[in-house]
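Accompanying notes for the structure given below.
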Amino acid sequence: MAENSGKSCPTEIQLVEDQACAGILNEQVPLTPRTQPQVSMRWGNDTSLNEFILVGFSLRPQLRYVLFATFFLIYMFILIANMLIMMAIRLDNALHTPMYFFLFILSISETCYTFVIIPNMLATLLSGGKPISLVGCALQMYFFMSLAETNCGLLAVMGYDRYMAICHPLHYTVLMNPRVCAQLVSVCFFSSFLFSVVTVYLIFQLPYCGPNRIDHFFCDSAPVLQLACTDSSIPESIVFLAAICFIVTALLLILISYIFIINAILKISSAQGQRKAFSTCAAHLTVVVVHYGCAAIIYLRPKSARSLEQDKLITVSYTVFTPLLNPMMYSLRNKEMRLALQRTMTRMFCPQEA
């Protein structure tokens, strides 16, 4: 009996210890990077990953402060210039034409477009990195995509407007009546905002298991998709399809319009008439080349040829310098706009001389 009880006690103790060890292993193992479960970032589901970190530019603080001051001044110029253009078009009856109506809408779109991107860029330059919530990242990506695609459509519509004005001058006011202009603008906004809903929804349906550092100064599709821990080929295909629809298709429409425009200009007998016709198209063509060229480099390149550092530099060109170029080209090079701005400023600050 003594021998049996001596043998049974260690066995019972050993069973208890085994059960305790099993419980610890199953329930109390601390989560490490290797053992941490994937975090799903799906709409309507709870998630422990509720923010990203926008890395911005990997530069020395002194250089970041210089860039901050430069981009801040550019941003202020963009806002003031676009507001002056909108005021001049709204208040001056001489600019109540389809061409300036589309320019008015483009100025509104560009102002909203820069508001979505540049303040975030300035924040990352000032702090060296900026946290952004999951919802904030999705909203920023949505409005960036929507407004960028809208700008592509508006530039195509403006090319079509120049085609109608130069190739069909006698029927221009009838063909480009206010109802047609409003319909063209509505198509641009509706198609881009609707397409972006699908794209952003698919991107943020993917699971993201970390890290949460976005190597960019805003939530663009490519750097966000790099953080996905599953196959992201479907959202990437949708982004590429959007680039085909809104960049390539719009650019082809512009090129077709300008083939007819150049053909019509060459038939003008007077050299002065040819210069005037070319001058009305020069500003639009300059903006088209910069905007579509940079956007095509970012969104139409194969994935293997992408470099996030190069993408950031190219993205600056069409998120900062293209919006800067628009008011400069359409106001400083446009005699009608310059005169309208002078009349508007005189009416505002010197009403007795108006």
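Note that the structure is predicted; figures quoted are calculated from it, not measured.
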Give the minimum heavy-atom separation between Cys152 and Phe246, together with the two atoms involved.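 Result for this residue pair: CB-O, 3.1 Å.
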What pairs meet the side chain to side chain donor-acceptor pair (under 3.5 Å) rule with one or both residues in residues 237-259, with sequence neighbours excluded?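 Checked against side chain to side chain donor-acceptor pair (under 3.5 Å) - neighbours excluded - the pairs reaching residues 237-259 are Tyr258-His284.
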Surrounding CZ of Phe72 (heavy atoms of other residues, nucleotides or ligands, distance under 6.0 Å), is the total greater than 12?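 No, CZ of Phe72 has 12 or fewer neighbouring heavy atoms, counting only those of other groups under 6.0 Å.
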Please indicate whether Ile234 has more than 12 foreign heavy atoms, meaning atoms of other residues, nucleotides or ligands, lying under 6.0 Å from its CD1.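 Incorrect, the count does not exceed 12.
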Roughly how far, to the nearest 0.5 Å, is [atom2] of [Y] from [atom1] of [X]?
{"X": "Thr97", "Y": "Phe102", "atom1": "OG1", "atom2": "CZ", "result": "9.5 Å"}
{"X": "Leu103", "Y": "Met86", "atom1": "CG", "atom2": "CE", "result": "10.0 Å"}
{"X": "Leu202", "Y": "Ser221", "atom1": "CG", "atom2": "OG", "result": "12.0 Å"}
{"X": "Ile78", "Y": "Met83", "atom1": "CD1", "atom2": "CE", "result": "11.5 Å"}
{"X": "Asn326", "Y": "Thr286", "atom1": "CG", "atom2": "OG1", "result": "10.5 Å"}
{"X": "Met145", "Y": "Ser192", "atom1": "CE", "atom2": "OG", "result": "12.0 Å"}

Contact list for residues 126-175, test ring-ring contact (aromatic ring centres under 6.0 Å, His included), sequence neighbours left out: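 Sorted pair list: Tyr113-Phe144, Tyr142-Phe193, Phe144-Phe218, Tyr163-His168, Tyr163-Phe260.
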Checking [X] now: which residues fulfil side chain to side chain donor-acceptor pair (under 3.5 Å) with it, not counting sequence neighbours?
{"X": "Asn82", "value": "none"}
{"X": "Gln342", "value": "none"}
{"X": "Ser107", "value": "none"}

Disulfide bond (SG atoms under 2.5 Å apart) pairs, two or more places apart, involving residues 98-147: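 Qualifying pairs: Cys137-Cys219.
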Do Tyr299 and Asp220 pair up side chain to side chain, a donor and an acceptor below 3.5 Å, judged on atom types alone?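 Asp220 and Tyr299 do have a side-chain donor-acceptor pair below 3.5 Å.
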Show, in sequence, the C-alpha distance, side-chain angles and deciding distance for Asp161 and Phe101, and conclude whether the side chain to side chain contact (heavy atoms under 4.5 Å, CB included) test is met. CA-CA 11 Å; Asp161 173 70; Phe101 169 74; over 6 Å; no
Aromatic ring proximity Tyr75/Phe115, centre distance under 6.0 Å: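 Ring centres of Phe115 and Tyr75 not closer than 6.0 Å.
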My understanding is that only one of Val316, Leu122, Leu125, Leu126 makes a side chain to side chain contact (heavy atoms under 4.5 Å, CB included) with Leu67; could you say which?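 Exactly one pass, corresponding to Leu125.
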For the pair Thr344 and Leu84, evaluate side chain to side chain contact (heavy atoms under 4.5 Å, CB included) and give the outcome as yes or no after the intermediate values. CA-CA 9 Å; Thr344 302; Leu84 288 175; over 6 Å; no
Evaluate side chain to side chain contact (heavy atoms under 4.5 Å, CB included) for Leu63 paired with Phe57, printing each intermediate quantity in order. CA-CA 10 Å; Leu63 185 55; Phe57 299 93; over 6 Å; no
Audit row: Met158, Met99, side chain to side chain contact (heavy atoms under 4.5 Å, CB included) steps and yes/no: CA-CA 7 Å; Met158 293 172 77; Met99 173 183 171; 5.9 Å; no
